[in-house]
Visitor: 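Before I ask anything, let me first share the structure, which is written out below as structure tokens.
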Amino acid sequence: MESRRGLLISIQDMSHLTNSGCDKITRLVADLLSGADMRLISSQILLTTCDMREAANHERMHAELQLDKEQGTNASDSSHS
């Protein structure tokens, strides 16, 4: 049960990170379209996408660990039957 809660928290975290990153990119593109420095905005967009990718990988690894933990618990429960 605890691992399912961990997975749900991981999903919520990933959703929040994705929405925040997309919001930031949207603002940066709007800045670019309004005449902001293209090199500066482009580098900020690249940093944001790298941060989002890193966060997604972290959350995926966390979710995989939770699943492995749950599967290990289920396997040991069935072996005791």
Side-chain angles (χ1 to χ4, degrees):
M1 181 71 112
E2 184 175 322
S3 62
R4 289 191 189 271
R5 177 171 163 70
L7 288 173
L8 291 173
I9 291 169
S10 183
I11 291 167
Q12 287 176 325
D13 288 348
M14 192 60 239
S15 176
H16 174 74
L17 291 168
T18 301
N19 287 330
S20 296
C22 288
D23 289 345
K24 184 173 182 178
I25 291 171
T26 299
R27 287 190 305 274
L28 290 168
V29 169
D31 290 346
L32 184 61
L33 292 173
S34 68
D37 180 14
M38 183 172 32
R39 288 180 190 221
L40 176 64
I41 298 299
S42 296
S43 68
Q44 290 176 344
I45 289 172
L46 288 172
L47 286 172
T48 300
T49 57
C50 288
D51 289 347
M52 290 171 59
R53 188 172 292 115
E54 185 178 318
N57 286 334
H58 172 78
E59 290 300 326
R60 187 193 78 238
M61 287 180 7
H62 178 70
E64 288 172 351
L65 288 172
Q66 290 291 335
L67 283 173
D68 289 346
K69 183 178 174 182
E70 182 177 296
Q71 289 172 351
T73 302
N74 288 340
S76 65
D77 287 347
S78 62
S79 67
H80 290 111
S81 299

Visitor: Going by salt bridge (charged side-chain N to carboxylate O under 4.0 Å, His left out), name the pairs with one or both residues in residues 48-61, residues two or more places apart or in two chains.
Guide: R60-E64

Visitor: Which residues end up grouped with L65 if you chain together Ile, Leu, Val, Met, Phe, Trp and Tyr wherever their side-chain heavy atoms are less than 4.5 Å apart?
Guide: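 Result for L65 is none, singleton.
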
Visitor: Which donor-acceptor pairs under 3.5 Å do side chains of residues 34-48 form with protein atoms, sequence neighbours excluded?
Guide:
{"unit_1": "S34", "atom_1": "OG", "unit_2": "A30", "atom_2": "O", "d": "3.4"}
{"unit_1": "S34", "atom_1": "OG", "unit_2": "D31", "atom_2": "O", "d": "2.9"}
{"unit_1": "D37", "atom_1": "OD1", "unit_2": "R39", "atom_2": "N", "d": "3.3"}
{"unit_1": "S42", "atom_1": "OG", "unit_2": "M38", "atom_2": "O", "d": "2.7"}
{"unit_1": "S43", "atom_1": "OG", "unit_2": "R39", "atom_2": "O", "d": "3.4"}
{"unit_1": "S43", "atom_1": "OG", "unit_2": "L40", "atom_2": "O", "d": "2.8"}
{"unit_1": "T48", "atom_1": "OG1", "unit_2": "Q44", "atom_2": "O", "d": "2.8"}

Visitor: Tracing side-chain links under 4.5 Å among I, L, V, M, F, W and Y, which residues wind up in one group with M61?
Guide: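 So far as hydrophobic clustering goes, M61 is joined with none.
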
Visitor: Do L67 and I9 sit in one hydrophobic cluster, given that two such residues count as connected whenever their side-chain heavy atoms are within less than 4.5 Å of each other, even indirectly?
Guide: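 No, no single cluster joins them.
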
Visitor: Mind listing the side-chain donor-acceptor pairs of residues 13-25 below 3.5 Å, one per line with the distance, residues two or more places apart or on another chain?
Guide:
{"unit_1": "T18", "atom_1": "OG1", "unit_2": "M14", "atom_2": "O", "d": "2.8"}
{"unit_1": "N19", "atom_1": "ND2", "unit_2": "S15", "atom_2": "O", "d": "3.3"}
{"unit_1": "S20", "atom_1": "OG", "unit_2": "H16", "atom_2": "O", "d": "3.0"}

Visitor: Only counting residues at least two apart or in another chain, list the ones meeting side chain to side chain donor-acceptor pair (under 3.5 Å) with Q12.
Guide: none

